[in-house]
Amino acid sequence: MSEWLVLALAMLAACAVVLSITVLRQRRISDDDDPSETPDVIEYMTMMVGVVYAIVLGLAIAGVWEARNAAQDTVRAEAQALHEVTERVQVYAPAARDRTREDVNAYVTHVVKKEWPVMLERGQLTDKGGQLLDKVRADLTSYEPRNDHEGQSYQPLLDQVGAADAARNARAQAAEPTMPGVVWFGLIAGALVAVGLIFTLQIRRSPRELMLAGLYSALIAFLLFLIWDFNSPFGHDVADATGIFSDLFAV
């Protein structure tokens with residue numbers, strides 16, 4: 001199911017629930033009920049809860065957004081470092097050059113085709129990926145430069161492999177969702193409280209009040225969906241973050 005469809009259904013469901021409760025509640029209110037009798041303290045509490053919850057939502061969105069950007073930077077660093085290896089190894093002997101490029105391509109193919117789905121599903125990397133990267137490192141460390149030109153490229157190549165390994169380790173640490181379960185409990189409970197408090201203001205069935213109640217609940221549903229979408233640093237699909245690998249390598 002498309003994420004946009006999920007978002008639309010969530011917002012419509014939130015609006016439908018709030019409006020249905022409002023209409024049903026209105027039918028049970030007696031004719032002599034006066035909405036102006038709502039105590040001022042309730043209005044003050046409703047406003048304060050809304051402000052506090054808005055701050056919490058803002059912090060949550062900022063946290064998952066920062067984690068998503070950091071994860072994307074990690075992927076770009078890993079892909080770029082491996083691409084530099086395939087380009088700089090050009091100065092090596094043809095046999096060593098081709099072997100290194102083949103091993104880099106094998107590693108990238110495994111990451112995109114095999115490791116990424118496992119990472120999204122289980123939050124961990126595969127042992128095979130680490131072994132393939134170690135093979136690339138072994139290709140470079142076992143090579144003996146034939147001249148000064150190759151010798152000058154030896155250490156930069158090892159540095160690029162080290163950068164790719166560091167980016168891979170950072171990717172492993174960021175593979176799990178950003179928000180822990182207790183935070184989600186607070187966000188959902190806060191949403192229920194924030195939406196529930198609007199009923200204490202004795203809203204009526206006027207078009208203006210119904211529209212504002214529906215938009216308020218839909219906005220909270222949208223913000224929670226936004227947090228859920230960004231909560232996975234590397235996205236929810238393989239193509240969400242592997243575009244840089246596809247751009248630099250034929251995978």
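Starting from 1, each residue takes its place in the sequence as its number. Owing to the predicted nature of the structure, the values given are computational and were not obtained by experimental measurement.
Side-chain contact check for Val111 versus Leu125: every heavy-atom pair is 4.5 Å or farther apart. Residues Tyr143 and Leu157 form no side-chain contact, since every pair of their non-hydrogen atoms from C-beta on lies 4.5 Å or further apart. Counting heavy atoms from C-beta on, the side chains of Leu82 and Thr86 never come closer than 4.5 Å. Side-chain contact between Glu78 and Val75: absent, with no pair of heavy atoms (C-beta onward) separated by less than 4.5 Å. Taking 4.5 Å as the limit, some side-chain heavy atom of Thr126 sits within range of a side-chain heavy atom of His110. By the 4.5 Å heavy-atom criterion applied to side chains, Val85 and Leu140 are counted as neighbours. Pro117 is not listed as a side-chain neighbour of Leu120, based on a closest heavy-atom distance of 4.5 Å or more. With contacts defined as side-chain heavy-atom distances shorter than 4.5 Å, the pair Trp228/His236 qualifies.
Judged by distance alone, with hydrogens and angles left aside, the side-chain atoms of Asn231 form a donor-acceptor pair with the main-chain N or O of Thr178 at under 3.5 Å. Formation of a donor-acceptor pair under 3.5 Å by the Tyr53 side chain with backbone atoms of Leu187 is found in this model. With Thr109 contributing its side chain and Ala106 its backbone, the two residues share no donor-acceptor pair below 3.5 Å. In terms of modelled atom types and a separation under 3.5 Å, the side chain of Asn105 and the main chain of Arg101 share a donor-acceptor contact. Side-chain N or O atoms of His83 include none that pairs as donor or acceptor with a backbone N or O of Phe249 at under 3.5 Å.
Aromatic ring pairs are classed by plane angle as parallel below 30°, tilted from 30° to 60° and perpendicular above 60°; the pair Trp116 and Phe245 is perpendicular.
The OH atom of Tyr92 sits 10.5 Å away from atom NE2 of His149, with the distance rounded to the nearest 0.5 Å. With rounding to the nearest 0.5 angstrom, the CE atom of Met119 is 8.0 Å from the OG atom of Ser232. If you take NZ on Lys135 and CD on Glu102, they are separated by 8.5 Å, rounding to the nearest 0.5 Å. Atom-to-atom distance recorded for Leu223:CG and Leu57:CG is 5.5 Å, nearest 0.5 angstrom. Taking CG of Asp127 as the reference point, atom CG of Asp134 lies at 10.5 Å (rounded to 0.5 Å). Here Leu215 contributes atom CG and Ile220 contributes atom CD1; the two are 11.5 Å apart, rounded to the nearest 0.5 Å.
Annotation for Gln124: atom CD counts as buried by contact number, over 12 foreign heavy atoms lying within 6.0 Å. Heavy atoms of other residues, nucleotides or ligands lying less than 6.0 angstrom from CG of Asp148 number 12 at most. Annotation for Arg146: atom CZ counts as buried by contact number, over 12 foreign heavy atoms lying within 6.0 Å.
Under a hydrophobic-cluster definition in which Ile, Leu, Val, Met, Phe, Trp and Tyr are linked whenever side-chain heavy atoms come within less than 4.5 Å, directly or via other members, Val91 and Leu158 are assigned to the same cluster. Linking ILVMFWY residues whenever their side-chain heavy atoms come closer than 4.5 Å, directly or via other members, leaves Val108 and Val118 in distinct clusters. By the rule that hydrophobic residues join a cluster once side-chain heavy atoms approach within less than 4.5 Å of another member, Ile61 and Phe185 end up as members of separate clusters. A continuous path of Ile, Leu, Val, Met, Phe, Trp and Tyr side chains, each step under 4.5 Å between heavy atoms, connects Val56 with Leu219, placing both in one hydrophobic cluster.
When all heavy atoms of Ala164 and Ala81 are compared, the pair lying nearest together is N-CB, 3.8 Å. Here the shortest heavy-atom pairing between Gly123 and Ala175 reads O-CB, 3.6 Å. Closest approach of Pro233 to Pro177, counting heavy atoms only: CD-CA, 4.3 Å.
Listed by first then second residue, pairs satisfying side chain to side chain donor-acceptor pair (under 3.5 Å) with a partner in residues 60-76 read Asp73-Arg76, not counting sequence neighbours. Residues in residues 158-168 take part in these side chain to side chain donor-acceptor pair (under 3.5 Å) pairs, two or more places apart or across chains: Tyr107-Arg168, Glu115-Arg168, Arg137-Asp165, Gln155-Asp159.
Among residues two or more places apart in sequence or in another chain, the salt bridge (charged side-chain N to carboxylate O under 4.0 Å, His left out) test is passed with Arg97 by none.
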